[in-house]
Undergrad: 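Take a look at the following structure, please.
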Protein chains: 2
Amino acid sequence: MSRVTIADVASAAGVSKTAVSFAFNSPGRLGHATLERVLGVAHDLGYAPHPAARALSMRRSGTIGVLIPQRLSAVFANPFMSELIQGLGELCEEHDLTLLLVPPLDGSLESAIRHASVDGFISLGLSPDDRALEVLDGIGIPTVLIDSDESSTHPVVNVDDRGGAHAAASHLLGLGHRQLAIVVLPPARAQMSYTPTATRRLAGYNAAIEAAGMPPPRPVTAGISVAAGIRAFESLPVGKRRPTGVLVMSDMAAIGVMNAARTAGMRVPDDLSVVGFDDLPFSAWTNPPLTTVRQPIVEKGRMAARMLIDRMKGKGIDSPAPLGTTLVVRASTSESGKLGFAN
Amino acid sequence: MSRVTIADVASAAGVSKTAVSFAFNSPGRLGHATLERVLGVAHDLGYAPHPAARALSMRRSGTIGVLIPQRLSAVFANPFMSELIQGLGELCEEHDLTLLLVPPLDGSLESAIRHASVDGFISLGLSPDDRALEVLDGIGIPTVLIDSDESSTHPVVNVDDRGGAHAAASHLLGLGHRQLAIVVLPPARAQMSYTPTATRRLAGYNAAIEAAGMPPPRPVTAGISVAAGIRAFESLPVGKRRPTGVLVMSDMAAIGVMNAARTAGMRVPDDLSVVGFDDLPFSAWTNPPLTTVRQPIVEKGRMAARMLIDRMKGKGIDSPAPLGTTLVVRASTSESGKLGFAN
DNA sequence: ACGATCGGATAAACCGCTTTACTAAAGCGG
DNA sequence: CCGCTTTAGTAAAGCGGTTTATCCGATCGT
């Protein structure tokens, strides 16, 4: 009934446990005949080395963990996560690693970290001075940060959020928009300030707006979902201060904004221009197709995995330069309407 | 430098390893004073039990594996996967479990299974007689099948694929379409036949078509991506046999079909009606909004996780009834055009 | 005052595998 | 035919926890 162990194979084949282990891990150290026999017996018995035992004695589990700051159901509602995993996945498959998703356990990310049997961690959106990272360092697990701030203790993989946001705002300003709104990402965990990513994007938006001689608007916060975008639209200023253009920090929310606007009787882009951030795969297929800032998410995942794997091999901690972002102009933005509030 | 172990804590606190272990796992068995002291020392030293060691001796890892038949990058390109993980995630968080993604290792799913340290598996789209499942049973890991065929050895979670497909086809037929095309899902792994899911959906389409007194069309195969949908459109019959309606087994491919059609100068739905399958979250926001068969993917994940957790607790293997599917009519389908190719 | 009971703590076995010596036999040059 | 290196295989010591069985001294009932 119980699982077949290395000892079972050993005695069935009339050899020592060592021989069986060698048969799998260093076949060269066994005579041809014995090798065949051991392998045969092992196969017949359906033997598979116990992964935990293996991990314990080899001090490596063949798994890397993805540290997820929120609930799985929230994070995977955002296609961003899918893209990222595609990137991580490529490298994992290349190096025969599996991917463990580690959300807060029982509310605590720290405790989740402690329970995870992994060779390294990829952390998403955590500030470099987050408590969770201290725990990680305490245990001594190599870690790479994605969407964080510069750190001297961990490699960080980022994109040029600020530049992208700046381009987005400049785009709207160039189209003559003077009344802008900003929809900002919520803090990753309750009672925290903006995520590093949100902070940088906000800075980019504001820099462009101020350079155009206008006061930066007070941002509205919205989660990363269509529904959140709808709510965000509803809390936008109305009347005199109604914006003609909205800068949204995620494509998901941008779709919500577009939809809510239409429901409210506005046309996109004629009455309201919307620009998102991410360029998710389906943003090209929305109605209208979304103007947005493209960030190379898959590449971000690849890069982070590559850095982590290097780090697990003992390499240093030099962060790569931020990956480029580019504005993708589609059909959700147009010149500020002459009929708009402006006149 | 090296990780701090239970022995370190024990000697630092002047107690036995047993006491330290008890402090964490059965606090009641320790005197109040010692408990406090041990916990204090453990915290100061930054001690965390080694997960692999723990898994080995407790015979449980606190992880469930998701068996992924293809490459991660391929599977996560489909939002279906995100939805499913949301469902699985809910239950995992409820039970303090983490989720391990297990794609084929080095090309072999079997070998990936052997290396994964998990308490149970959720298998996606694998036929009940797949070799991989034999390995699983050999090792004796509880497993739940999603999108498979009825099995007497494993619980299976399915939706009413056939019914949904039937409804989709009936919808088009009811709109007067007489020239239909079918875009079918590719086999999960090379050199295999259709997945159980594809087979059932095909049966549903065909049943409706035959009931209407028409010969079932020869299906075109397309992967689950917009690009694949575009290719599928291009291999549709032209001229006299050009379809006025297309039944697509995935929303992703359906979007590709719609787009390719428009590129080819056809209007959707006026010249071509398209109905998808899945009702992914963004299918409501495409241009035009997609008519599709809704399947409760998140619920599917929840259900599967629930069954697996039950099974890990030793419960039986009764599969639940297939979850319901419903046709969601949006704007990608309309009456068969009088102006279409037909005349 | 004495055996029974009990709370508090521990020694040692065990989980299943890897790996480092170490040994016995076989091959080899001289 | 003898010492010396290979070759083939093994015993045993980890890896870092959990858990069972046991021990010891203090309290309790009578």
Side-chain angles (χ1 to χ4, degrees), chain A residues 1-39 41-42 45-63 114-119 138-141, chain B residues 1-39 41-42 45-63 114-119 138-141:
Chain A
M1 182 55 231
S2 178
R3 180 162 186 147
V4 29
T5 81
I6 198 175
D8 299 334
V9 177
S11 75
V15 294
S16 68
K17 295 191 310 177
T18 310
V20 179
S21 179
F22 281 161
F24 286 93
N25 305 313
S26 347
R29 294 196 50 171
L30 249 40
H32 189 65
T34 5
L35 176 58
E36 296 284 276
R37 181 159 40 93
V38 170
L39 254 26
V41 172
L45 262 46
Y47 168 70
H50 193 301
R54 197 160 217 275
L56 177 58
S57 105
M58 297 186 64
R59 292 102 173 289
R60 97 177 267 280
S61 63
T63 299
R114 289 188 226 274
H115 285 57
S117 183
V118 302
D119 298 333
I139 307 182
I141 301 184
Chain B
M1 180 56 228
S2 178
R3 181 163 187 146
V4 29
T5 81
I6 197 174
D8 299 334
V9 177
S11 74
V15 295
S16 67
K17 293 192 312 176
T18 311
V20 179
S21 180
F22 281 161
F24 286 93
N25 305 311
S26 345
R29 294 193 53 171
L30 249 40
H32 189 65
T34 0
L35 177 57
E36 296 285 275
R37 181 160 37 93
V38 171
L39 254 26
V41 171
L45 263 46
Y47 168 70
H50 192 300
R54 198 160 217 274
L56 176 58
S57 99
M58 298 185 63
R59 291 94 175 291
R60 95 177 268 281
S61 62
T63 299
R114 288 189 229 273
H115 284 57
S117 183
V118 301
D119 298 333
I139 308 181
I141 301 184

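Because only heavy atoms are used, hydrogens play no part in the values below, and waters and symmetry mates are left out as well, while side chains stay in. Order of the sequence lines fixes the chain letters, A, B, ..., with proteins taken first and strands second; residue numbering starts at 1 for each chain.
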Undergrad: Report yes if at least one side-chain N or O of B:Y47 is closer than 4.0 Å to OP1 or OP2 of D:dG16; otherwise report no.
TA: no
Undergrad: Would you kindly give the CE-to-P distance between B:M58 and C:dG16, to the nearest whole Å?
TA: 15 Å
Undergrad: Atom OG of A:S11 and atom NZ of A:K17: how far apart are they, to the nearest 0.5 Å?
TA: 11.5 Å
Undergrad: Take the protein atom CD1 of A:I6 and the nucleotide atom C1' of D:dA11, then report the distance between them rounded to whole Å.
TA: 14 Å
Undergrad: Given atom CZ of A:R114 and atom C1' of D:dG17, what is their separation to the nearest angstrom?
TA: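 From A:R114 CZ to D:dG17 C1': 16 Å.
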Undergrad: Provide the closest heavy-atom pair for B:Y47 versus B:V4 in the form atom of the first, atom of the second, distance.
TA: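 Closest pair (atom of B:Y47, atom of B:V4, distance): CD1-O, 3.4 Å.
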Undergrad: What contact category does B:A48 fall into here, base, sugar-phosphate, or nothing, at under 4.0 angstrom with non-hydrogen atoms?
TA: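 The residue B:A48 makes sugar-phosphate contact but no base contact.
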Undergrad: Quickly work out the A:R3 CZ to C:dC17 C1' distance and round it to whole Å.
TA: 11 Å
Undergrad: Quick one: B:D8 CG to D:dC15 C1', roughly how many Å, whole number?
TA: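 Value for this atom pair: 13 Å.
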Undergrad: Go nucleotide by nucleotide along DNA chain C from the 5' end; which of B:R29 and B:A53 gets its closest nucleotide reached first?
TA: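 First, find each residue's nearest nucleotide; the 5'-ward one identifies B:R29.
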Undergrad: From A:S117 OG over to A:L56 CG, what is the distance, rounded to the nearest 0.5 angstrom?
TA: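 Here the interatomic distance stands at 9.0 Å.
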Undergrad: For residues B:V15 and B:T34, report the shortest heavy-atom separation together with the two atoms involved.
TA: CG1-CG2, 4.0 Å
Undergrad: How many angstroms lie between CZ in A:R114 and CD1 in A:I141, if you round to the nearest 0.5 Å?
TA: 11.0 Å
Undergrad: Nearest-Å distance, CG (B:L30) to P (C:dT10)?
TA: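 So the CG-P distance, B:L30 to C:dT10, works out to 8 Å.
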Undergrad: Have a look at B:L56 and say if it touches a base, only the backbone sugar-phosphate, or nothing, with a 4.0 Å heavy-atom cut-off.
TA: base
Undergrad: Which heavy atom of B:H50 sits nearest to which heavy atom of B:R3, and what is that distance?
TA: CA-NH2, 3.7 Å
Undergrad: Give, for atom CD of B:E36 and atom CG of B:L30, the distance between the pair rounded to the nearest 0.5 Å.
TA: 10.5 Å
Undergrad: Which residues in residues 17-27 of chain B have a heavy atom closer than 4.0 Å to any atom of DNA chain C?
TA: B:T18, B:A19, B:F22
Undergrad: Side-chain N or O of A:T34 versus OP1/OP2 of D:dG9: is the shortest distance under 4.0 Å?
TA: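 Yes.
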Undergrad: Have a look at the helix from C:dA1-D:dT30 to C:dG30-D:dC1 and give the angle its two end axes make, five pairs each, rounded to 10 degrees.
TA: 40°
Undergrad: Does A:R59 reach a base, just sugar-phosphate, or nothing at all? Heavy atoms under 4.0 Å.
TA: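 Sugar-phosphate, backbone atoms only, no base.
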Undergrad: Find the distance between CZ (B:R60) and CZ (B:R54) and round it off to the nearest 0.5 Å.
TA: 9.0 Å
Undergrad: Measuring from B:F24:CZ to B:L39:CG, what's the distance to the nearest 0.5 Å?
TA: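 With rounding to 0.5 Å, CZ (B:F24) is 5.5 Å from CG (B:L39).
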Undergrad: What is the distance, rounded to the nearest whole Å, between atom CZ of B:R37 and atom P of C:dG8?
TA: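 Interatomic distance, CZ of B:R37 to P of C:dG8: 14 Å.
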Undergrad: Heavy atoms from C-beta onward define the side chain here; which of D:dA11, C:dC17, D:dG16 lies closest to that of A:S16?
TA: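 Closest nucleotide among those given: D:dA11.
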Undergrad: Determine the minimum heavy-atom distance between B:V38 and B:V20, stating which atoms define it.
TA: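 Where B:V38 meets B:V20 most closely, the heavy atoms are CG1-CA, 3.9 Å.
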Undergrad: May I have the distance from A:R54 (atom CZ) to D:dG16 (atom C1'), rounded to whole angstrom?
TA: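 Answer to the nearest Å: 18 Å.
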